[in-house]
Each structure stands twice: as structure tokens, then as C-alpha cells.
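A note on names: the letters A, B, ... follow the listed sequences, proteins ahead of strands, and every chain is numbered from 1.
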Amino acid sequence: METNTQNPPSIYKQTLLAGLWRENPTFRLLLGMCPTLAVTAAVKPALTMGLAVVFVLLCSNIVVSMMRNLLKPHLRILMFTLTIATFVTIVDLFLKAYLPKMSETLGPYVPLIIVNCIIIGRAEACASKNPILISIIDALSMGAGFTISLCVLASIREILSTGAIWEINILPKTFVPWAAMRMPVGAFITLGLLLALVNVITAKSKSLQTQKNSK
Amino acid sequence: MSKIKFFIQQSWLLLVCSLFFGLLLAGANAVWTPRIEQNKIDKLNKLMSSLIPAAKNFQLAGTLTINSAKGKPIPTDLYKALAEDGDCIGYCFNTAGPGFTDKIELVLAVDKNFKKIAGFNVLSSNETPGFGDRIKQPYYRNQFAGAPAGPLDLEKTGDPKKIDSEIVAITGATISSEAVVDIVNNALPQLKKQMKQKGLIEDGN
């Protein structure tokens, strides 16, 4: 597979980079679409959601990795869900206590992290088969990939819908806000265009790679 | 007996983890509940004092019932707005009703004689951004501050600066504007009646 590498990247580095681009949960795996579409109207809630997912992902990966040898195969999904639900509830309580306004903005999407495919997917695909260190790196990489994707999507939507980013105005006053970008339709259109962009870049880099290899 | 042993063998991890996670959640809940409750009270107080700025303190003075337009009774908290010297200068209620996309929850304030509306504030709503959610903006909200606490009418055109029982709708958001007026019109007479029964306001008003 990797043909042009003199010193093959270690498994740690590979895991770390996978979540950011090659296996980016939002743009490549299309996982966790519900929060991706629902909370990206502005950057602040998107970042909060991203960090909440990073925390839950990290904790659940650590716990699942620790008990991976004790798991009974037919009870594993139950154990994953139990673990994830615990940490999501903790995040939910934390937001309600310390960031009540943000908790209101995110509304039901915080408890819905429980059913976020990224977390249960990583528990199944990575943490239940790998030692703790790799699981931690995997959680951080996937979490970062998810957070960055959400923030990119949210920046575009916030700039076009309010002319501001992080609630700071950057566009001239003459800019007419596109209210549609704040609504679900804006989320779908922006996500679709970004997915197309990611696919174009991937196709381009692939064809470059094959050209290089054939030479 | 062997069956029980089998079940324990299969599920001991689940039982142990449930216990452990349960304790973790109980701990988090115990630590943060007072803060969460305080946040809720702070938010309500902030909303209410934006409606009656002269009030220094808000006191829970009982629970009233408002029948929704469909006849479903909904309990509502009655708050007494107290000035610095302890005089009652108004009342606040929370009330709700259907909006354009979702339920609109309002905090409604009236003066101490229940003659004038002191204003309303949106506790929670999910109206269309850029259109219906302008019910939160001063253009619309200011029309209620000082309006008579009787039936209100929604007008499509008019002078929004004139404070009377005519509320001028928001362009492009007639349904949301109407929803708020309907919520207020539904709540006020019922509240007035119940407060009279409780002797909080004088009869004959």
C-alpha cells in the first residue's frame, strides 16, 4: 500500500493522522451527521459540541480498552452504550452547571452524543481491540478531526448567516445576512459542498500519487 | 443453580460497571445540582428584572393554573416583584402556547393592580431565525410594555411606538406575532380571575 516510504510511519503516527484526514469521521466516514448538521449554525456551539465529543470519546476509549479482554462478544454493545451514556450524562450536567447558556443552545444534542456513531464506532473498531495508548491516540485524533470539521462548517455558516465569526463582526455592514444559512437547509448545502471539495482534493492527490508511482 | 452461575459469569462485568458508573453519576449529580438549580433561578430572576427593573427581589407567591386554548390545565408559578422597601410593585408569571414551529414559553409581567402589562420576555422558543425569532426584539416587545392588561389586538399596520391594546405584527412573521398575542390574551383573564379569588388584587378592577 505505502510504496514511497523509506521509513514507514509508526502505528502511533498513522493512528494520529487517520482521524484528521484519511479517516476523518465527518468528511470521509460520514459518521455523527446529526450533531454535524444540527449544531453548526455558529462556531461557539460547534466547538463546545466538538470538545464534549472529544471528552466522551477519550473516556469511553480508555474504559473500553481497559476491559477489552473481559468483554463477552454478545454483550459488548451493551457495555459500550453503558460507558458512553455515563460520560455523556457527566458532560450534560457539567454544561448545565457551568455553561447554562451553551447547554440551552445545544439542547437535546448533548444527550444525543450517546448515539453518536463516531464514539460507538471507535469503541468497536479500535478500543476493543487495541491497548490503551493506541486507544487514547485514536480518540484524540478522531475527536480532533470531528471538532475541526464541525468548526469549518460552522465558520462558513456563521459568516454567511450573520457576517460574524465567534460573534465578532468581520464583514462590512452592507453585507445582507443569509438567514437560510442558519436554518437546516444551510447545513445540508454547506456540508454537501464541503464533501464535494474533500472528494475533489482526494481524487486529485490520488491521481498525483499514481503518476508519481508510474514514473 | 447452574443457571444462576451461568448468568453471573456472563454478566458480572456489566453489573460491576453499572454499580461503578452509577456511583460516578450520583457523585457528579450531587456536586453540580445546587449550581444547576441556582442557574435556573438566576435566569428567571434576570428575565423578570428586565421586565420590572425597579424590583429588587422576586418572591414565589403560589401556583396558578392556566387552561390552554385547548382546555388543558397548565400550572404556572406566580412571582411577586418586591421593591427595595418590600412593597409589591408587580407580578410575574410564566406561560406558554403554540408558536409557528414549536412551543413558545414566555415570562409575563403585570403591574400591581393588574391594569397594565409590564412586558414579556421569551423563556424558550424555536421560531424561524430572522423572521419569527424577532418576537424577542425590542421593536415587538416594547409594544407590550405599558399596554392595558385587557384583550390585545394584532394589527398588520400601525404605529408600533403608540402604546395601546393594538400590537403591530412583525413583517414576515404574522403567525409568530399572533401566537404571542394569543398566549397573552389567553393567560391574562384567567390569571386575573384567580388572583382576585386569592385576594392578591382588589375586586372591581
Quiz item: Within a strict 4.5 Å, meaning less than it, do heavy atoms of the B:Ile170 and B:Phe131 side chains meet?
Solution: no
Quiz prompt | Residue part contacting chain A, namely of B:Ser124, when any heavy atom lies under 4.5 Å | solution = neither
Quiz prompt | B:Lys40 portion near chain A, given a 4.5 angstrom heavy-atom threshold | solution = neither
Exercise. Please step through side chain to side chain contact (heavy atoms under 4.5 Å, CB included) for the pair B:Trp32 and A:Ile90, ending with a clear verdict.
Key: CA-CA 10 Å; B:Trp32 287 330; A:Ile90 290 176; 4.1 Å; yes
Quiz item: Contact part of A:Ser103 toward chain B, heavy-atom cut-off under 4.5 Å: side chain, backbone, both or neither?
Solution: neither
Quiz item: chain A heavy atoms under 4.5 Å from B:Asn29: which part of the residue, side chain, backbone, both or neither?
Solution: both
Quiz item: Below 4.5 Å, heavy atoms only, C-beta onward: do A:Val53 and A:Met142 meet side chain to side chain?
Solution: no
Quiz prompt | Heavy-atom contact with chain A under 4.5 Å, split by part of B:Asp133 | solution = side chain
Self-check item: Note, A:Leu194 side chain near A:Ile156 side chain (heavy atom, < 4.5 Å)
Solution: yes
Practice problem: Could you tell me which portion of A:Lys96 (side chain, backbone, both or neither) has an atom closer than 4.5 angstrom to a non-hydrogen atom of chain B? | Solution: both
Quiz item: Considering only heavy atoms, which portion of A:Leu82 lies under 4.5 Å from any heavy atom of chain B: side chain, backbone, both, or neither?
Solution: both
Quiz item: Can we call the ring centroids of B:Tyr79 and B:Phe58 under 6.0 Å apart?
Solution: no
Quiz item: In terms of the angle between their ring planes, are B:Tyr91 and B:Phe93 parallel, tilted or perpendicular, with boundaries placed at 30° and 60°?
Solution: parallel
Practice problem: Answer with side chain, backbone, both or neither: which region of A:Phe94 has an atom nearer than 4.5 Å to a non-hydrogen atom of chain B? | Solution: both
